[in-house]
Amino acid sequence: MSSFVELGLSEDIAHGVQSMNFIDPSPIQEKSIPVILEKKDLVASAQTGTGKTAAFGLPILSMLKSHGKLRALILEPTRELAFQVGEALKDYGRLTNLRTLVIFGGVGYDKQKEALNRGVDIVIATPGRLLDLLEQDAISLHSIQHLVLDECDRMLDMGFLPDVSKIIKKTPTTRQTLLFSATLPPEIQSICSWALIDPLRIEIGVLRSPAETVKHALYPVASNQKQELLLALLEKLHYQSILIFCRTKVQADRIAHELKKAQHLVAVMHADRSQGERTEALAGFKSGKYEVLVATDIAARGIDVASVTHVINYDIPGHPEDYVHRIGRTGRAQTEGDALTLITGEDLREVAQIEHYINQKIPREKVEGFNYTYTALLEQTEVVAEAAVPRRSLRNTKPANARRR
Ligand code: ADP
Ligand code: MG
């Protein structure tokens with residue numbers, strides 16, 4: 001029998017997982033599942049793409065066994081993640097009669113209320129809409145036995161911790177509480193201290209290192225040639241699907257527009273797109289209808305698209321943590337993926353911080369045959385890499401182009 005059964009999961013669930021072609025549990029699953037089945041509280045961290053959803057989803061489904069009342073609540077930072085986790089739980093639980101409901105904002109209330117009235121066992125929700133429903137007395141959390149705070153660092157980043165705290169207080173203190181996160185910033189520790197009881201801690205891998213299968217590269221370019229270089233890169237790359245990150249919504253729209261003009265199949269995700277548009281973009285990207293998805297950070301964090309072969313940072317992320325999160329979209333579940341970052345003269349500080357953070361020098365590359373306009377950056381293969389080691393020294397270092405000229 002599969003090792004999922006050996007971890008103590010019920011046969012229904014272990015078989016359900018097997019039919020998804022999960023052969024062996026991932027390390028975070030192997031460690032978390034037995035602890036959760038013992039009803040202990042848990043703080044678990046492992047980098048993006050390591051299978052945290054199944055790590056809490058499988059044991060919860062296994063403990064709930066069959067349809068009854070609402071007993072499990074899973075909080076997610078974004079609607080996309082809530083939807084995705086909902087789909088995963090439906091898949092894992094396909095051999096049970098357990099009912100899941102995904103609750104998120106931006107859509108009408110009626111369907112969610114109707115489903116609640118019919119009765120569900122597991123709710124997967126974003127904090128805002130759940131609080132709305134609680135205020136309207138459309139949902140009660142008094143029978144919750146298992147509470148999961150998923151992607152907790154992301155909920156923190158998005159300013160949801162006050163809402164999350166309110167929700168936690170509406171669940172019984174007898175509940176089991178599970179906290180899953182890619183990283184564990186100090187603010188999360190404070191939640192752990194009041195919301196969890198004597199939690200076990202499981203940390204998998206070096207939290208800071210992005211998936212080891214990912215190849216990184218920097219592409220120096222003059223700022224006015226970024227768009228052109230992006231097009232040239234897309235011509236050169238052998239890709240199945242590419243995620244392109246940029247800083248602003250306006251820019252996301254502009255990039256998508258340019259790529260469409262060049263005959264690429266493109267979708268866009270950012271906070272100003274309607275729920276319908278986002279769902280369509282993501283579904284189309286997953287199905288292969290779109291080969292390129294242009295997104296801002298908020299929109300795309302935690303999205304799992306197994307076939308993403310490349311991530312391109314059109315803009316360098318402002319925080320090294322975001323670099324790691326962004327490229328966590330590729331190289332998932334050990335398939336190879338490439339992470340390419342366009343850099344300009346203004347980005348040297350961020351480059352140094354990222355290289356320091358991931359403790360790795362990122363090679364600089366050029367697109368053969370591309371008609372580069374001159375930027376001193378193109379000639380410096382070492383300066384940034386050297387500066388990357390002691391972060392502080394960088395601020396005192398004159399940009400090398402000053403010296404070269
Ligand atoms: P995380 O929440 O840690 O970022 P996910 O739970 O979204 O990661 O899982 C990432 C991907 O890995 C998903 O496509 C999932 O189906 C796949 N996956 C999870 N567990 C396994 C496993 N044991 N074997 C194979 N694939 C798995
Ligand atoms: Mg996750």
Side-chain angles (χ1 to χ4, degrees), residues 2-7 9 13-34 36 42-62 74-94 102 124-126 148-158 178-184 188 202-207 209-214 240-241 243 282 285-287 300-309 311 321 324-337:
S2 91
S3 44
F4 280 104
V5 167
E6 286 157 24
L7 292 178
L9 294 169
I13 299 302
H15 284 305
V17 170
Q18 264 181 330
S19 59
M20 298 197 57
N21 294 325
F22 287 16
I23 296 160
D24 296 312
S26 70
I28 189 77
Q29 291 162 2
E30 199 163 15
K31 290 229 165 82
S32 306
I33 290 171
I36 298 175
L42 172 66
V43 176
S45 58
Q47 66 199 38
T48 304
T50 50
K52 294 192 285 299
T53 311
F56 62 77
L58 299 176
I60 288 178
L61 290 162
S62 184
I74 298 161
L75 295 181
E76 296 288 338
T78 65
R79 326 182 232 203
E80 283 77 16
L81 277 166
F83 180 77
Q84 200 169 296
V85 168
E87 291 298 300
L89 294 194
K90 264 186 239 163
D91 276 342
Y92 305 154
R94 65 176 74 173
V102 182
I124 301 117
T126 53
V148 182
L149 312 176
D150 191 25
E151 308 284 349
C152 209
D153 51 356
R154 191 66 195 134
M155 293 208 278
L156 169 77
D157 288 355
M158 294 179 69
L178 309 170
L179 190 154
F180 279 79
S181 196
T183 57
L184 293 175
I188 289 186
I202 296 175
E203 290 186 21
I204 302 286
V206 185
L207 286 181
S209 99
E212 278 154 21
T213 49
V214 173
Q240 274 168 28
S241 59
L243 253 172
L282 193 60
F285 189 54
K286 283 189 178 176
S287 72
R301 185 113 171 224
I303 298 283
D304 171 36
V305 181
S307 62
V308 171
T309 52
V311 167
E321 295 87 342
V324 173
H325 280 287
R326 284 186 185 182
I327 68 165
R329 305 282 80 76
T330 185
R332 296 179 71 87
Q334 308 305 309
T335 52
E336 285 251 309

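We're numbering straight along the sequence, starting at 1. Ligands are counted one by one from 1 in listed order, and the atoms in each one are counted from 1 as well.
In this structure, of Phe56, Phe22, Phe4, the residue bringing a heavy atom nearest to atom 19 (C) of ligand 1 is Phe22.
A 4.5 Å side-chain heavy-atom check between Phe180 and Leu42 finds at least one atom pair inside the cut-off. Contact of the Ile74 side chain with the Phe56 side chain is registered, since non-hydrogen atoms from C-beta on lie closer than 4.5 Å. Counting heavy atoms from C-beta outward, Ile60 and Leu178 have side chains that approach closer than 4.5 Å. The shortest distance between side-chain heavy atoms of Leu179 and Leu184 falls below 4.5 Å. Looking at heavy atoms from C-beta onward, Ile204 lies out of side-chain contact with Thr50 at the 4.5 angstrom threshold.
The atoms of ligand 1 that sit less than 4.0 Å from any heavy atom of Glu151 are 2 (O). Each of the following atoms of ligand 1 lies closer than 4.0 Å to a heavy atom of Asp24: 22 (C), 23 (N), 24 (N). Heavy-atom proximity to Thr53, at under 4.0 Å, picks out these atoms of ligand 1: 2 (O), 5 (P), 6 (O), 7 (O). Close approach to Ser26 involves these atoms of ligand 1, each under 4.0 Å from a residue heavy atom: 23 (N).
The N/O atoms of Gly49, backbone and side chain alike, include one that comes under 3.5 Å of an N/O atom in ligand 1. Taking only nitrogen or oxygen atoms, main chain and side chain alike, Asn21 does not reach within less than 3.5 Å of ligand 1. Considering backbone and side-chain N/O of Tyr92, none are found under 3.5 Å from N/O of ligand 1. The N/O atoms of Ile23, backbone and side chain alike, include none that comes under 3.5 Å of an N/O atom in ligand 1.
Residue contacts with ligand 1 for Asp150 are absent, since no atom lies close enough (heavy atoms, distance under 4.0 Å). Neither the backbone nor the side chain of Met20 comes within 4.0 Å of ligand 1, counting heavy atoms alone.
Inclusion of Glu151 in the first shell of the Mg ion (ligand 2) is supported: an N, O or S atom falls under 2.8 Å.
From Asp150, atom CG reaches atom CD1 of Ile124 across 10.5 Å, with rounding to the nearest 0.5 Å. To the nearest 0.5 Å, atoms CD (Gln84) and CD (Glu87) are separated by 9.0 Å. Separation of atoms CZ (Arg94) and NE2 (His15) is listed at 13.0 Å; rounding is to 0.5 Å.
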